[in-house]
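Everything on this sheet refers to the single structure shown next.
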Amino acid sequence: MIKFASYGNEREVALNAMEIDFTKLVFETLKDSSVLTDKLEIVRKSDSYATMVIRGKEWDFDLIRIKITDKTKWLSLSLSKNDRKVFESSPLFEAQKKKSQLHWKSKIQKVNDISQYKDLIINSYLECIELNPTNFLQS
C-alpha cells in the first residue's frame with residue numbers, strides 16, 4: 001500500500017498516473033524483500049519530482065526520487081557505498097554526471113523498468129538502516 005505524506009505546509013503530493021503506476025511497482029517489487037515497506041512514504045519536496053522516503057523518528061531518508069511524464073522519465077537513487085563503486089561506469093547511470101553525489105540519476109524507458117533497480121534499492125535501504133538504527137528501527 002502506498003502511503004502519501006506531507007511535511008507541514010509543503011507541496012501537495014499529487015502524482016500523475018504513470019508515477020502512481022511506477023510507485024505501485026516499486027512497492028510490489030520490494031514486498032518480498034528485506035525492505036520494511038511500511039516505513040516508506042511518498043512526499044513532494046520539490047515541484048520537479050516526487051520522493052520515496054524511509055520515514056525515521058527524527059529525520060527521513062530520500063531513497064528514490066522520480067519524475068515520469070510523457071516527455072521525461074527518470075529516477076534518482078541513493079546508492080549504497082558499494083554500489084557506487086560497482087556502477088561508476090555503468091550505462092545504467094550514464095545520466096548521472098557527478099558520481100560523487102549520493103543520488104544517481106538514471107533514465108528509464110518504461111514504468112516496469114523498476115525491476116533492474118531492485119537490488120540497488122534494497123542495498124541502499126539496508127545501508128541506511130544499518131548506519132542509522134536508532135532513527136529507523138523501533139526500540
Side-chain angles (χ1 to χ4, degrees):
M1 180 167 127
I2 301 172
K3 287 194 261 180
F4 296 97
S6 62
Y7 293 145
N9 295 327
E10 289 194 24
R11 298 158 182 89
E12 184 180 344
V13 181
L15 302 179
N16 66 42
M18 289 183 286
E19 290 170 332
I20 290 171
D21 289 345
F22 184 83
T23 304
K24 285 179 182 176
L25 279 173
V26 171
F27 277 85
E28 183 66 26
T29 300
L30 297 176
K31 78 174 182 182
D32 293 327
S33 73
S34 52
V35 173
L36 300 174
T37 56
D38 63 325
K39 291 194 170 293
L40 302 179
E41 295 181 355
I42 306 300
V43 298
R44 184 154 316 261
K45 296 180 177 182
S46 166
D47 291 333
S48 300
Y49 56 82
T51 304
M52 179 180 290
V53 300
I54 305 170
R55 181 63 82 186
K57 294 177 187 172
E58 296 186 26
W59 54 274
D60 300 336
F61 179 76
D62 290 10
L63 186 63
I64 307 170
R65 297 172 181 154
I66 62 166
K67 180 167 182 123
I68 303 172
T69 67
D70 289 333
K71 293 183 181 184
T72 185
K73 293 173 180 56
W74 60 262
L75 60 79
S76 175
L77 292 176
S78 171
L79 291 184
S80 70
K81 190 174 187 178
N82 288 338
D83 287 335
R84 281 182 248 149
K85 291 176 188 172
V86 171
F87 286 88
E88 187 170 17
S89 300
S90 170
L92 190 61
F93 292 101
E94 67 185 355
Q96 180 62 38
K97 303 303 180 214
K98 192 173 180 183
K99 304 289 179 156
S100 61
Q101 293 179 316
L102 182 63
H103 272 263
W104 285 21
K105 188 175 186 178
S106 182
K107 292 188 178 183
I108 56 178
Q109 300 302 312
K110 50 192 176 305
V111 171
N112 62 357
D113 282 352
I114 191 60
S115 61
Q116 63 187 330
Y117 300 97
K118 178 181 180 178
D119 290 339
L120 299 173
I121 296 167
I122 293 169
N123 293 345
S124 179
Y125 174 90
L126 292 174
E127 182 180 81
C128 176
I129 300 295
E130 180 182 317
L131 294 174
N132 307 283
T134 56
N135 187 54
F136 294 105
L137 297 177
Q138 301 298 334
S139 330

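Proximity of Ile20 to Lys24: side-chain heavy atoms (C-beta onward) are separated by under 4.5 Å at one or more points. Using a 4.5 Å heavy-atom cutoff, the side chains of Leu36 and Phe136 are not in contact. Proximity of Leu30 to Ile121: side-chain heavy atoms (C-beta onward) are separated by under 4.5 Å at one or more points. Inter-residue side-chain proximity for Phe61 and Asn135 is flagged as unmet; no heavy-atom pair is nearer than 4.5 Å. Side-chain atoms of Asp62 and Ser78, non-hydrogen and from C-beta on, never get closer than 4.5 Å to each other.
In this structure, Leu120 is a member of the same hydrophobic cluster as Leu126, with clusters built from ILVMFWY side-chain heavy atoms closer than 4.5 Å. Both Leu15 and Phe27 belong to a common hydrophobic cluster when Ile, Leu, Val, Met, Phe, Trp and Tyr are linked at side-chain heavy-atom distances under 4.5 angstrom. Cluster annotation: Ile42 and Trp59 are assigned to the same hydrophobic cluster (Ile/Leu/Val/Met/Phe/Trp/Tyr, side-chain heavy-atom contacts under 4.5 Å, transitive). Under a hydrophobic clustering in which Ile, Leu, Val, Met, Phe, Trp and Tyr are joined whenever their side-chain heavy atoms come within less than 4.5 Å, directly or via other members, Leu92 and Leu77 fall into the same cluster. Tracing side-chain contacts under 4.5 Å through hydrophobic residues (I, L, V, M, F, W, Y), one reaches Ile122 starting from Leu137; they form part of the same cluster.
What you find for Ile68 and Lys73 is that their closest heavy atoms are CG2-CG, 3.8 Å. Contact detail for Glu127 and Leu79: the closest heavy-atom pair is OE1-O, 4.3 Å.
The neighbour count for Gln116 CD, taken as heavy atoms of other residues, nucleotides or ligands under 6.0 Å away, is above 12. In the displayed structure, Lys81 atom NZ is contacted under 6.0 Å by at most 12 heavy atoms of other residues, nucleotides or ligands. Heavy atoms of other residues, nucleotides or ligands lying less than 6.0 angstrom from NZ of Lys107 number 12 at most.
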Begin from the C-alpha positions of Glu88 and Lys99 and carry the test salt bridge (Lys or Arg N to Asp or Glu O under 4.0 Å) through to its verdict. CA-CA 7 Å; Glu88 187 170 17; Lys99 304 289 179 156; over 6 Å; no
Between Gln101 and Gln96, does a side-chain contact (heavy atoms from CB on, under 4.5 Å) hold up when you go through it step by step? CA-CA 9 Å; Gln101 293 179 316; Gln96 180 62 38; 2.7 Å; yes
Full working for side-chain contact (heavy atoms from CB on, under 4.5 Å) between Thr134 and Glu58: CA-CA 9 Å; Thr134 56; Glu58 296 186 26; over 6 Å; no
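Residue pairs meeting the ring-ring contact (aromatic ring centres under 6.0 Å, His included) criterion with at least one member in residues 100-130, sequence neighbours excluded, are Phe93-Trp104.
Here the straight-line distance linking atom CG of Asp113 with atom CZ of Phe22 works out to 8.0 Å at 0.5 Å rounding. Note: Lys39 NZ to Ile54 CD1 = 9.0 Å, rounded to the nearest 0.5 Å. Between the NZ atom in Lys31 and the CD atom in Glu28 there is a gap of 4.0 Å [rounded to 0.5 Å]. Within the model, atoms CG of Asn16 and CD1 of Ile66 stand 8.0 Å from one another, a figure rounded to the nearest 0.5 Å. Taking CG from Leu63 and CE from Met52, the interatomic distance works out to 7.0 Å, rounded to the nearest 0.5 Å. To the nearest 0.5 angstrom, Arg44 atom CZ is 13.0 Å from Arg65 atom CZ.
Seen from the ring of Trp74, Lys67 does not count as a face-on cation partner, given the 6.0 Å and 45° thresholds.
The closest donor-acceptor contact from the side chain of Thr51 to the backbone of Val53 lies at 3.5 Å or more, if one exists at all.
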